[in-house]
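Below is one structure, written out as structure tokens; comments come after it.
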Amino acid sequence: MAIHYVMHHIISDGWSMSILMDELLQLYNAHISDAANPLKPLRIQYKDYAAWQNEQLNDISLKETKTGG
């Protein structure tokens, strides 16, 4: 069995790759030993970040509208 993935260099760095490889190995080892997912659930999901970012952008846009900027 082989695992292949392609990632553009612009979205990765040494710190992120270290985390990715560690988590991939944990998941792989759990899979081959028929164990449960060993990773902790994330405290925040991307959709939460996107909602927060939209809220920030709307606040900035509203302030610019009020000040005429």
Side-chain angles (χ1 to χ4, degrees):
M1 182 167 135
I3 297 175
H4 299 274
Y5 70 95
V6 177
M7 180 185 309
H8 194 277
H9 68 89
I10 202 164
I11 64 166
S12 65
D13 58 18
W15 181 73
S16 300
M17 288 302 297
S18 174
I19 293 171
L20 176 64
M21 294 309 297
D22 181 55
E23 290 185 353
L24 267 175
L25 286 171
Q26 287 182 53
L27 290 169
Y28 177 76
N29 287 331
H31 174 73
I32 62 173
S33 62
D34 204 27
N37 179 352
L39 302 178
K40 296 178 187 174
L42 298 175
R43 293 180 298 147
I44 186 169
Q45 298 293 319
Y46 181 77
K47 66 179 183 174
D48 300 321
Y49 169 76
W52 172 83
Q53 186 177 39
N54 271 340
E55 185 179 305
Q56 297 299 309
L57 292 172
N58 287 335
D59 287 349
I60 291 169
S61 179
L62 183 61
K63 287 177 186 175
E64 288 176 352
T65 302
K66 286 183 178 178
T67 62

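Since this is a predicted model, take the numbers as computed values, not measurements. Values reported hereafter were calculated over all heavy atoms of this structure, with side chains retained and with hydrogens, waters and symmetry mates removed.
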Connected via hydrophobic side-chain network under 4.5 Å: Met7 and Ile10
yes
With side chain to side chain contact (heavy atoms under 4.5 Å, CB included) as the test, would you mind laying out the steps for Tyr28 and Ile32 before giving the verdict?
CA-CA 6 Å; Tyr28 177 76; Ile32 62 173; 3.5 Å; yes
Looking only at non-hydrogen atoms, find the nearest pair between Ala30 and Pro38 and report the distance.
CB-CD, 3.7 Å
Rounded to the nearest 0.5 Å, how far apart are CD of Glu23 and CG of Leu39?
5.0 Å
Heavy-atom side-chain proximity of Tyr5 to Leu20 below 4.5 angstrom
yes
N/O donor-acceptor pair under 3.5 Å between Asp48 side chain and Gln45 backbone
yes
Rounded to the nearest 0.5 Å, how far does CG of Asn37 lie from NE2 of His31?
12.5 Å
Does one hydrophobic cluster hold both Met21 and Leu27, with members joined at side-chain heavy-atom distances below 4.5 Å?
no
Heavy-atom closest pair (Ser12 atom, Met17 atom, distance to 0.1 Å) is CB-SD, 3.8 Å
Give a yes or no on whether the backbone of Asn29 and the side-chain of Ser33 come within a donor-acceptor separation of less than 3.5 Å.
yes
Shared hydrophobic cluster for Ile19 and Tyr49 (ILVMFWY, side-chain gaps under 4.5 Å):
no
